[in-house]
Amino acid sequence: MTDTELPDDVVLVAPRDKLAYLDHQSVTLDRPMSPIEAWNALMSRPMPLLKLAFRTRDLLAAPFGIKRIDGFSRQRHAAPLPGDHLDFFLVEDARPDRLVLTARDVHLDVLVCLLTHGREFSVTASVITHNLVGRLYMLPVAPAHRLIVRSMIARLNTAA
């Protein structure tokens with residue numbers, strides 16, 4: 001766990017002391033945009049090999065009852081509402097400056113909070129695990145997730 005100071009309006013899946021994983025990363029954008037605009041920009045240019053990573057994840061995780069996620073569809077979204085889906089994520093909250101997405105199953109709960117403050121954009125991912133399978137799943141996923149998010153948001157200005 002990190003001692004990273006989080007924005008006041010960030011949403012986590014559980015209190016910090018209960019989290020199995022927490023990652024907060026931010027970037028200064030060339031221009032202000034909403035969280036859904038940033039999402040659409042990120043999804044419009046998927047990273048090379050990300051599709052292969054999702055296929056591998058689905059193949060290895062399926063025998064343990066972890067839901068397939070099939071990766072990102074590249075579909076653009078105008079104004080998601082709570083209850084809508086952005087690919088495998090459920091929209092929990094959608095505001096002009098915050099988008100809260102979750103993916104939950106019997107092994108773990110994931111919450112991703114996208115925030116914008118002017119030109120600052122941040123992605124905060126938090127996870128709680130429910131059992132040994134969830135904990136084992138997070139061993140390779142945690143470092144991979146950090147790298148993927150870092151790489152994705154670094155490309156955000158060119159994608160926008």
Side-chain angles (χ1 to χ4, degrees), residues 1-27 35-36 38-77 80-95 98-115 121-156 159:
M1 204 62 56
T2 177
D3 288 331
T4 303
E5 190 170 319
L6 299 174
D8 292 337
D9 52 347
V10 75
V11 177
L12 302 175
V13 71
R16 280 178 88 145
D17 63 335
K18 305 289 187 214
L19 298 177
Y21 175 78
L22 174 63
D23 182 52
H24 174 80
Q25 298 186 48
S26 62
V27 65
I36 192 61
W39 172 272
N40 286 331
L42 289 168
M43 297 304 122
S44 71
R45 281 186 41 210
M47 289 177 36
L49 302 179
L50 193 55
K51 189 171 191 154
L52 176 63
F54 278 122
R55 279 191 188 148
T56 303
R57 175 246 180 242
D58 287 346
L59 181 69
L60 295 174
F64 300 99
I66 296 174
K67 288 191 278 187
R68 293 181 54 85
I69 56 177
D70 294 320
F72 297 115
S73 67
R74 298 177 78 169
Q75 180 180 351
R76 295 187 62 76
H77 302 273
L81 298 171
D84 289 347
H85 281 86
L86 299 182
D87 296 314
F88 53 88
F89 286 112
L90 173 68
V91 177
E92 298 275 348
D93 186 24
R95 300 178 187 193
R98 182 170 75 193
L99 185 60
V100 177
L101 309 171
T102 59
R104 301 173 192 269
D105 68 22
V106 298
H107 305 295
L108 48 83
D109 294 344
V110 177
L111 186 146
V112 176
C113 183
L114 309 176
L115 294 174
F121 172 73
S122 68
V123 177
T124 305
S126 57
V127 176
I128 56 171
T129 57
H130 303 301
N131 53 36
L132 179 62
V133 171
R135 289 188 292 279
L136 291 173
Y137 173 82
M138 287 307 297
L139 289 175
V141 169
H145 185 271
R146 281 186 181 92
L147 291 173
I148 290 166
V149 170
R150 184 176 306 130
S151 197
M152 287 178 79
I153 68 172
R155 297 164 33 118
L156 187 55

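Note that the numbering runs from 1 along the sequence shown for the chain. Note that these values count all heavy atoms, side chains included, but never hydrogens, waters or copies made by symmetry. Remember, predicted model here, so these are calculated numbers, not experimental data.
The shortest non-hydrogen separation linking C113 to D9 is SG-O, 4.5 Å. Of all non-hydrogen atoms in F121 and A38, the two that sit nearest each other are CE1-CB, 3.4 Å. Closest non-hydrogen pair, L19 versus A14, comes out as CD2-O, 3.7 Å. Across all non-hydrogen atoms, the minimal contact from P82 to A94 is CG-N, 4.4 Å. The minimum heavy-atom distance between N131 and G134, with the atom names listed, is OD1-N, 2.9 Å. Contact between S126 and L12 at its shortest, heavy atoms only, is OG-CA, 3.5 Å.
Here D87 contributes atom CG and M43 contributes atom CE; the two are 7.0 Å apart, rounded to the nearest 0.5 Å. Taken to the nearest 0.5 Å, the CG atom of L139 stands 12.5 Å off from the OH atom of Y21. Rounding to the nearest 0.5 angstrom, the gap separating the CG atom in D109 from the OG1 atom in T129 is 9.5 Å. The structure places CG of L81 at 11.0 Å from CG of D93, a figure rounded to the nearest 0.5 Å. Expressed to the nearest 0.5 Å, how far CG of L90 lies from CG of L101 amounts to 8.5 Å. Taking CZ of R98 as the reference point, atom OG1 of T124 lies at 11.0 Å (rounded to 0.5 Å).
No more than 12 heavy atoms of other residues, nucleotides or ligands lie within 6.0 Å of CG in D8, so this atom counts as exposed by the packing criterion.
Note on residues 47-58: pairs passing side chain to side chain donor-acceptor pair (under 3.5 Å), not counting sequence neighbours, are R57-Y137.
R76 is linked by a side chain to side chain donor-acceptor pair (under 3.5 Å) to nothing, counting only residues two or more places apart in sequence or in another chain.
At a threshold of 4.5 Å between non-hydrogen side-chain atoms, the residues L115 and V10 count as touching. Contact check for V110 versus V13: no side-chain heavy atoms found under the 4.5 Å cut-off. Side-chain contact between M138 and L108 is present, with at least one heavy-atom pair separated by less than 4.5 Å. The shortest side-chain heavy-atom distance between I148 and H145 does not fall under the 4.5 Å cut-off. Two residues are said to be in side-chain contact when any heavy atoms from C-beta on lie closer than 4.5 Å; V112 and W39 fail this criterion. Within the 4.5 Å cutoff, the side chain of R16 has heavy atoms near those of the L6 side chain.
For Q25 (side chain) and R150 (main-chain N/O), a donor-acceptor pair under 3.5 Å exists by modelled atom type.
The closest side-chain donor-acceptor pair between D105 and H130, if any, does not fall under 3.5 angstrom.
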Please lay out, stage by stage, how I36 and L99 fare under the test side chain to side chain contact (heavy atoms under 4.5 Å, CB included). CA-CA 7 Å; I36 192 61; L99 185 60; 4.2 Å; yes
